[in-house]
Amino acid sequence: MATARETARPPAATAAHPSFDVERVRQDFPILQERIHGRPLVYFDNAATSQKPRAVIEAERRFYENLCANVHRGVHWLSEHATQAYEDTRIKLQRFLNAADSREIIFVRGTTEAINLVASAYGRKNIQAGDEIIISGMEHHSNIVPWQMLCEEKGAYLKVAPVLDSGELDFEGFERLLNTRTRFVAMNHVSNVLGTINPAKRIVELAHQWNVPVLLDGAQAAPHLKVDVRALDCDFYTVSGHKLFAPTGIGALYGKTKWLEAMPPYQGGGDMIASVTFEKTTYNTIPYKFEAGTPNIAGTLGFSAAIDYLNDLKFESFAPYEHDLLVYATEAISRLDGVRIIGTAKEKAAVISFVMDNIHPHDVGTILDREGIAVRTGHHCAQPLMDRFNVPATTRASMAFYNTFEEVDALVKGIQGVKEFLG
Ligand SMILES: *Cc1c(COP(=O)(O)O)cnc(C)c1O
């Protein structure tokens with residue numbers, strides 16, 4: 001049995017990224033200095049939510065201290081400046097995702113709300129009895145349930161593209177599902193459980209050959225990959241701010257103008273209207289048509305700071321570092337006896353799910369917690385995927401650019417400790 005010390009680090013893992021100074025980056029995240037149960041925090045639950053750099057925390061605070069006003073309403077100084085900051089964030093997101101137009105960016109609470117918006121607004125108008133919607137076997141519940149609800153309401157059918165033993169999408173299985181009744185495809189870009197990076201561009205290309213629009217759930221992709229919605233040519237794309245180092249309760253939906261303009265509103269209320277009488281209401285233009293009510297303005301400004309932070313850090317700089325962390329952790333964990341990694345796709349983001357012989361993931365998580373190591377245990381909001389791999393739950397270690405090789409060593413040592421304690 002290999003110990004953490006014997007597991008070979010990839011040659012010059014850190015030296016290979018001279019531009020990426022992880023120790024300096026860690027200084028930007030106040031919570032990483034915390035101690036948990038008397039131990040330094042080792043945070044490996046980034047797929048559930050990421051930690052926030054000081055700049056994000058301060059941007060939210062600055063809103064409440066210096067800029068607090070409602071948006072799109074007042075002519076007074078505060079409201080105008082709050083509106084400006086809110087709309088600037090939309091432009092930042094447009095550039096971040098490489099959308100063609102800032103009106104294609106809708107602020108939402110997160111990926112869940114974004115998918116519900118599309119299922120409800122696009123679905124209500126375009127899905128009819130007998131139609132088919134395709135998802136995959138590795139979806140998060142938030143990319144399953146809204147489509148199920150829509151299918152139930154309309155008498156449509158949900159089809160599920162299978163997943164291979166490696167955790168990769170069975171692309172041919174997906175291809176076989178497409179037919180003249182297919183009206184929509186909604187798929188994960190990166191799996192939150194398996195880490196699999198799906199061939200998003202190929203999925204979109206194939207669906208478009210059948211004239212079928214595609215939504216990509218990017219909640220897990222955007223923190224790890226440079227997303228380019230125009231290169232992907234997807235019709236909708238969703239991100240959750242809180243997984244992108246921004247506050248909770250803010251996210252974005254990207255949608256092509258042609259779809260957004262044709263879609264009915266999702267919710268009714270203030271800000272989404274052009275004029276209201278008791279006889280008839282006319283709706284505002286996009287994106288405001290989909291932003292009823294007072295939005296999460298503070299969260300938006302935090303989101304703006306998070307995007308600035310990521311742009312400064314540069315994907316080209318942290319993505320290779322993260323990849324080396326993944327390779328290092330995968331090698332070390334696969335060497336442990338009685339431990340099996342679920343999800344071994346060739347293309348993966350820095351997410352590792354594993355199961356241990358005769359030990360329940362809940363116990364693994366509890367014992368690791370006593371060492372200050374935060375991992376996620378359970379079904380990860382993907383129960384059908386657990387069924388696919390015949391496991392009730394997994395333990396998941398999900399990484400971000402602020403994690404270190406030493407933390408991976410601590411995790412491996414912690415897993416060995418679990419075996420000694422319970423094995
Ligand atoms: C987290 C997650 C969601 C849900 O995002 P919320 O921010 O909770 O709305 C959906 N899909 C994937 C792949 C996720 O990881």
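Remember, it's 1-based here, ligands and their atoms both numbered in the order they're listed. Computed from heavy atoms alone, side chains included, the values below leave out hydrogens, waters and symmetry copies. We're numbering straight along the sequence, starting at 1.
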Could you pull out all residues at least two apart from Ala382 that satisfy side chain to side chain contact (heavy atoms under 4.5 Å, CB included)? Val193, Leu385

Please tabulate protein-ligand N/O pairs under 3.5 Å for ligand 1, atom names and distances to 0.1 Å.
residue: ligand 1; atom: 5 (O); partner: Ser240; partner atom: OG; Å: 3.4
residue: ligand 1; atom: 7 (O); partner: Ser240; partner atom: OG; Å: 2.7
residue: ligand 1; atom: 7 (O); partner: His242; partner atom: NE2; Å: 2.8
residue: ligand 1; atom: 9 (O); partner: Thr111; partner atom: N; Å: 3.4
residue: ligand 1; atom: 9 (O); partner: Thr112; partner atom: N; Å: 2.9
residue: ligand 1; atom: 9 (O); partner: Thr112; partner atom: OG1; Å: 2.5
residue: ligand 1; atom: 11 (N); partner: Asp217; partner atom: OD1; Å: 3.3
residue: ligand 1; atom: 11 (N); partner: Asp217; partner atom: OD2; Å: 2.5
residue: ligand 1; atom: 15 (O); partner: Gln220; partner atom: NE2; Å: 2.5
residue: ligand 1; atom: 15 (O); partner: Lys243; partner atom: NZ; Å: 2.7

Just grab all the side chain to side chain donor-acceptor pair (under 3.5 Å) pairs involving residues 304-316, residues at least two apart or on different chains. Asp28-Tyr309, Lys92-Ser304, Lys92-Asp308

Contacts of Arg73 that satisfy salt bridge (charged side-chain N to carboxylate O under 4.0 Å, His left out) - sequence neighbours left out: Asp271

Test: Arg370 cationic atom under 6.0 Å from Phe421 six-membered ring centre, within 45° of axis: yes

Where does the angle between the aromatic ring planes of Tyr321 and Phe405 fall among parallel (under 30°), tilted (30 to 60°) and perpendicular (over 60°)? perpendicular

More than 12 foreign heavy atoms under 6.0 Å from CD of Glu261: is that the case here? yes

